[in-house]
Every structure is written in structure tokens, then in C-alpha cells.
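Taking it in order: structure first as C-alpha cells, then the write-up.
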Amino acid sequence: MKYWLMKNEVSDYCIDDLAKDKSTAWTGVRNYQARNFMRDEMAPGDLGIFYHSNAEPSGAAGILRIQGPAIADETQFDKKSKYFDAKATKEKPRWFCQVVKFRSKFKRVVSIQEMRDNKACKNMLILRPGNRLSITPLSKQEFEVICKMSEE
DNA sequence: GCCAACGTTGGC
DNA sequence: GCCAACGTTGGC
């Protein structure tokens, strides 16, 4: 059982959208490291923090569950999509995504500043300067600390 | 295969 | 909108 932090621009897709949809394919990831996490490391039942970036404030907004296993990201085949990749084929997809299911919305957003201020979060990759990875692993402790902060 | 230039991300 | 960080690209 692993834990993840999955970042998304709040204006694109937020926790309320996921609550409404119940589940969604986490498409559009075009970074190899993040792809490998989804394709190789995530397993059905893993839990993730849904993180809002470019938000007021940016931070952890809720919990999602990985349906797993990874599937091909359909947007890579769609010429009209900004995520289209001419080098990808149906036979050999380059990009993968996970279907994620809504689990819960936090009572309040746990801001990135609160995470910075909490010693238990100090190793989180998301807090590293210049971090641009949209999917990062979390330890069980980090996951639980964020959940706990959301209750306060 | 090096590395400079470029583009993107994302907090502020 | 600024700017630091860093992944990607492409010339050599």
C-alpha cells in the first residue's frame, strides 16, 4: 500500500470536480518520472492526496483512491488535444494514466505553507524549491499528518 | 554525448 | 507578472 501526492491546476480540475464525477482518468501527464510512478509503482487501492496548484491557497484538498492498473492515456492519440504526441501509437503508447476515484474532500485546504511549517513534512518532494513533478510519493506518516491537519 | 538555450511550472 | 528551478531540445 503506497501513498501519493497528485498535483493539478485548480482551474483545470479540482476536488469538487472529482467529487461530482466520482472517478476520472488522470490524463495529460507528460513527464517520464511521473509516468513511471503511475505505470510501474501505483497499485489498486493506493491512496493519494489531491493537491491544488495555482490556487488560493495552493494545498492539499482531499483524498483519492487509485483504481489501477495504469491504462494508456487517450489524449496522446487525439490530434486536437494539447497533449497529443505524434510519436505515440496505440500499439506502443508512450503515456499512461491512472483512473482515480473520489474518496473524500477535506474540511479545509491544508496549504503548502502549513506543510512547510510542519516538521513531519520536511522531506516531501513537493516542498523542494523548483519542484515540478506533478506526482510524488508520500510516506504513510506524511499522508496521515496531512489528513490530521485538515481536521484541525 | 555535451551543454547552452529555451520552455514550462508554480509559488509568491 | 516575476523569477528560480529544472526538464527538454538540438547543434555540434
Can you tell me how far C1' of B/dT9 sits from CG of A/Asp12, to the nearest Å?
13 Å
Does A/Arg30 reach a base, just sugar-phosphate, or nothing at all? Heavy atoms under 4.0 Å.
nothing
Could you give the CG-to-C1' distance, from A/Asn54 to B/dT9, as a whole number of Å?
8 Å
Kindly check if the number of other-residue, nucleotide or ligand heavy atoms within 6.0 Å of CZ (A/Arg103) is above 12?
no
Rounded distance in Å - CG (A/Leu133) to P (B/dT9):
13 Å
Measure the distance from CG on A/Asn36 to P on C/dG7 and round it to the nearest whole Å.
14 Å
Could you state the CD-C1' distance from A/Gln33 to C/dG7, rounded to the nearest angstrom?
10 Å
Just the rounded figure in Å: distance from C1' of B/dC12 to NE2 of A/His52.
19 Å
Would you say the ring centers of A/Phe50 and A/Trp4 fall short of 6.0 Å from each other?
no
Can you find a side-chain donor-acceptor pair between A/Thr136 and A/Arg128 that sits under 3.5 Å?
no
Stepwise salt bridge (Lys or Arg N to Asp or Glu O under 4.0 Å) check, A/Glu142 with A/Lys122:
CA-CA 9 Å; A/Glu142 288 161 350; A/Lys122 69 177 192 315; over 6 Å; no
Which residues in residues 124-132 of chain A have a heavy atom closer than 4.0 Å to any atom of DNA chain C?
A/Pro129, A/Gly130, A/Arg132
Exactly one candidate in A/Arg108, A/Lys119, A/Lys148 meets salt bridge (charged side-chain N to carboxylate O under 4.0 Å, His left out) with A/Glu114; the answer is A/Arg108
Quick one: A/Tyr83 OH to B/dT9 C1', roughly how many Å, whole number?
12 Å
What do you reckon, are the aromatic ring centroids of A/Tyr32 and A/Trp95 less than 6.0 Å apart?
yes
Proximal nucleotide (of B/dC12, C/dT8, B/dG10) relative to the A/Tyr32 side chain:
C/dT8
Under 4.0 Å: is that the gap between some side-chain N or O of A/Tyr51 and OP1 or OP2 of B/dG11?
yes
Whole angstrom is fine here: how far is it from CG in A/Asp117 over to C1' in B/dG11?
14 Å
Could you tell me whether A/Asp85 and A/Arg94 make a salt bridge, using a distance below 4.0 angstrom between a side-chain N and a carboxylate O?
yes
